[in-house]
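Just follow the structure's listing: the first ligand is 1, and inside any ligand the first atom is 1. The shown structure was predicted, so the numbers you read here are calculated from the model rather than taken from an experiment.
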Amino acid sequence: MTSLHAHLSQAWGARPHRTFLSQPGGHQWSYEEVDSLAASYGASLQARDVTPGDRVMVQVAKSPYAVALYLATLRIGAVFVPLNTAYTPTEVDAFVEDAEPAVVVTGAANARPGSLILEADGSGTLKPGAGVEDVGRSGDDPAAMLYTSGTTGRSKGAVLTNDNLISNAKALVEAWRFHESDVLVHALPIFHVHGLFVALHCAMFTASTVVFLDRFDVGEVKRSLGDATVMMGVPTFYSRLLAAPEPFSGVRLFTSGSAPLTAATHREFEHRTGHAILERYGMTEAGMITSNPYEGARIPGTVGFALPGIEVRVTVDDAVAPPGIAGNVECRGPNVFSGYWRMPDHTAAAFTPDGWLRTGDIGKLDASGRLTLEGRASDMIISGGLNVYPVEVEQVLDAVPGVVEAAVVGLPHPDLGEAVTAFVTTDAAYDEQGARASLDAIARFKHPKQIVEIDALPRNAMGKVLKAELRSRYRSLFS
Ligand code: MLC
Ligand code: AMP
């Protein structure tokens, strides 16, 4: 039994009638019900000649039907490729061209030629079929591929194997003491590692219940927390909950990740609710890497210790750094992905010669092995838990008539952590409306919250734009 699907179905097989996905004011989906829907979607995909290893690309609204489609894909040995629903048709074109999926499933609003339709209420052209054939998969076989943006602006498909996902789920269940009686509030999207793997796998591996919300709505989340034991979120969830906090007395665990949780938010949340948020750290290529302890000190501003079975080190100039010295964070373990889809050079560059994954994050370990992150090697911006690569936005702005040059940075933002901000030098042909219209080619969460016209971009002697200076000069723009 080596496939992720086999592990999951064994976990919930003993409790098939237990509620899996609970929709407030709506249907309560048992494990058995979601599993049998997954079997019929699997049959339907097989009837369309989807075979093991084929990519199934999915850009659909969050719903129990979408979860069943994920499980169907695993069950037939195909590779699940989820896409952010905010991606524009132009962005999706690039993913389709790269992944060459056997099937693309979308909502009606973002339908593409040949795509199957699946709406949040289950309607559409993806009809359940009958007679799914189970397919044996080994631990090394790919289970999912998630696109991550790159410093060059070109997205890379990170291929995750069955073993990557199984080992990480087991490590989290152990570290966070997941149990069949847990009730998890799920308000994250399900097209990223956080909402799809971290949250859903912890629940499925313990056959526990998920309060399944379409999105993060602060009122709905607060109501749901009344009957819940766990919530996982990005820092924006916690800063929004702080606007009107409650004791949340039935909750045993709040976790945060995907972006830095400020020490101020951590302390204020603890002060006002009595809960010390457990911050953990991860990335698409490696799932979860470190976590603050379940028992023991959850220190604000730190991301804790390597999870069971995973090793973390810090290097400077290719040598392992002693405790207290900041450098490149690297990790190794069964969680680390098999490589980027059809990009051997990028895959090779992601690893050190001795086989450790270069995370691209800068941090330091203390003598006890606790990690503190200090920044990122690249200019990547994390806005509300979503990654934005400046070069992608700069390329769009540079092509706008009247823009002489654009530089995009992340500035501190009270709600989103960092806000995408563009600085442009312009000539007489420039107007901001035109620039905004051009940005429609890329997803809206990547759009600058402000486009600031300046006389000249600050540069060093080599002519390189000094983004650090822009960040420091304009650090109060959103406060
Ligand atoms: C939405 N908008 C954003 C945004 N989310 N803008 C910048 N950054 C974001 N993150 C924009 C929309 O385009 C829209 O713009 C406007 O905000 C309102 O949209 P919305 O959908 O109503 O927003 P809201 O529901 O408030 O969403 C904010 C959010 C959401 C923070 C709740 O983005 C979210 O759920 N983020 C979580 C992302 C996540 O799961 N990350 C995990 C990555 S995995 P307009 O212009 O149309 O008005 C990973 C590894 C790891 O990193 O370690 O976990
Ligand atoms: P992604 O490529 O979307 O998976 O994003 C991974 C990146 O998110 C990591 O490389 C980190 O830079 C960042 N990240 C994840 N968790 C944390 C955290 N707890 N604190 C700071 N940054 C984080």
Side-chain angles (χ1 to χ4, degrees), residues 61-62 82 84-88 146-151 155-156 158 160 168 172 186-199 213-218 220-221 232-241 255-263 265-266 277-292 298 300-304 328-331 335 337 350 357-363 371-389 393 410 413 415-421 436 439-440 442-449 478:
K62 182 177 177 182
N84 191 327
T85 46
Y87 287 147
T88 65
L146 274 67
Y147 278 96
T148 69
S149 303
T151 38
S155 291
K156 303 181 290 246
L160 295 156
N168 213 229
L172 293 176
H186 193 303
L188 291 158
I190 53 168
F191 40 70
H192 286 306
V193 166
H194 198 163
L196 183 62
F197 302 145
V198 181
L213 306 176
D214 297 344
R215 54 184 289 277
F216 183 86
D217 172 85
V218 75
E220 191 73 72
V221 166
M232 300 181 187
V234 295
T236 301
F237 285 18
Y238 294 102
S239 47
R240 290 187 186 178
L241 280 172
T255 72
S256 177
S258 311
L261 178 73
T262 64
T265 302
H266 187 290
I277 300 167
L278 181 155
E279 185 171 10
R280 82 338 175 250
Y281 154 63
M283 66 189 301
T284 303
E285 290 86 339
M288 297 303 99
I289 302 168
T290 70
S291 171
N292 269 279
R298 300 176 191 169
T302 78
V303 292
N328 305 303
V329 177
E330 297 172 356
C331 83
N335 56 316
F337 79 144
L357 175 70
R358 305 180 204 269
T359 64
D361 293 304
I362 306 293
L371 182 67
T372 301
L373 295 177
E374 299 203 334
R376 296 181 284 275
S378 77
D379 284 333
M380 183 181 86
I381 300 165
I382 308 186
S383 166
L386 295 174
N387 295 358
V388 181
Y389 278 86
V393 186
H413 188 277
D415 182 43
L416 298 168
E418 288 182 302
V420 177
T421 312
R436 293 265 166 212
L439 286 162
D440 283 341
I442 56 174
R444 291 194 72 82
F445 70 85
K446 301 176 188 170
H447 292 200
K449 298 295 176 201
F478 295 98

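Contacts between His447 and ligand 1, counted as non-hydrogen atom pairs separated by less than 4.0 Å, are absent for every part of the residue. Neither the backbone nor the side chain of Val420 has any atom closer than 4.0 Å to an atom of ligand 1 (non-hydrogen atoms only).
Taking every heavy atom of Met288 and a limit of under 4.0 angstrom, the matching atoms of ligand 1 come to 51 (C), 53 (O). Under a 4.0 Å criterion applied to the non-hydrogen atoms of Gly282, ligand 1 contributes the atoms 53 (O). In the vicinity of Arg444, heavy-atom distances shorter than 4.0 Å reach the ligand 1 atoms 13 (O), 45 (P), 46 (O), 47 (O). Close contacts between ligand 2 and Arg376 involve ligand atoms 12 (O) [criterion: under 4.0 Å to a heavy atom]. Each of the atoms 19 (N) of ligand 2 lies under 4.0 Å from some heavy atom of Val303. Near Leu373, the atoms of ligand 2 lying under 4.0 angstrom from a non-hydrogen atom of the residue are 20 (N), 21 (C), 22 (N). Close approach of ligand 2 to Ile382 is summarised as follows: ligand atoms under 4.0 Å from at least one heavy atom of the residue are 8 (O), 13 (C). Taking every heavy atom of Ser383 and a limit of under 4.0 angstrom, the matching atoms of ligand 1 come to 7 (C), 8 (N), 9 (C), 10 (N). Shown in contact with Leu188 at under 4.0 Å from a heavy atom are these atoms of ligand 1, numbered in order with element: 40 (O). Residue contact check: Glu279 has heavy atoms under 4.0 Å from atoms 18 (C), 19 (N), 20 (N) of ligand 2.
Distance check for atom 48 (O) of ligand 1: every protein heavy atom is found at 4.0 Å or beyond. Put simply, atom 1 (C) of ligand 1 has no protein non-hydrogen atoms near it, under 4.0 Å away. In this structure, atom 7 (C) of ligand 1 has protein heavy atoms in its sub-4.0 angstrom surroundings. Put simply, atom 31 (C) of ligand 1 has protein non-hydrogen atoms near it, under 4.0 Å away. Closer than 4.0 Å to atom 14 (C) of ligand 1 lies none of the heavy atoms of the protein. Protein heavy atoms all stay at least 4.0 Å away from atom 19 (O) of ligand 1.
With respect to atom 15 (C) of ligand 2, the closest heavy atom belonging to the protein is Gly282 O, 3.2 Å. From the protein, the heavy atom lying nearest to atom 17 (O) of ligand 1 is Lys449 NZ, 4.2 Å. Of the protein's heavy atoms, Asp361 OD1, 2.6 Å lies nearest to atom 12 (O) of ligand 2. Nearest to atom 19 (N) of ligand 2 among the protein's heavy atoms is Arg280 O, 2.7 Å. Nearest to atom 16 (N) of ligand 2 among the protein's heavy atoms is Ser258 N, 3.1 Å. Protein heavy atom nearest atom 37 (C) of ligand 1, with residue, atom name and distance: Gly384 O, 3.4 Å. Among protein heavy atoms, the minimum distance from atom 3 (C) of ligand 1 is reached at Phe445 CB, 3.7 Å.
Environment of CG in Asp217: crowded, with over 12 heavy atoms of neighbouring residues, nucleotides or ligands closer than 6.0 Å.
Across Thr372, Asn292, Thr284, heavy-atom proximity to atom 4 (O) of ligand 2 is greatest for Thr284. Of the listed options His192, Met232, Arg215, Arg240, Arg240 places a heavy atom closest to atom 28 (C) of ligand 1. Comparing Ala443, Gly417, Ala286, Gly385 by heavy-atom distance to atom 39 (C) of ligand 1, the nearest is Gly385.
Checked against a 3.5 angstrom limit, the closest N/O atoms of Arg280 and ligand 1 fall inside it.
For the pair Asp214 and Lys62, the minimum side-chain heavy-atom distance is 4.5 Å or more.
Residue-ligand proximity: Lys446 is placed with every non-hydrogen atom at 4.0 Å or more from ligand 1. Within the structure, the closest approach of Asn387 to ligand 2 falls below 4.0 Å when heavy atoms are considered. The shortest heavy-atom distance from Gly195 to ligand 1 is not under 4.0 Å. For Ala259, the heavy-atom gap to ligand 2 drops under 4.0 angstrom.
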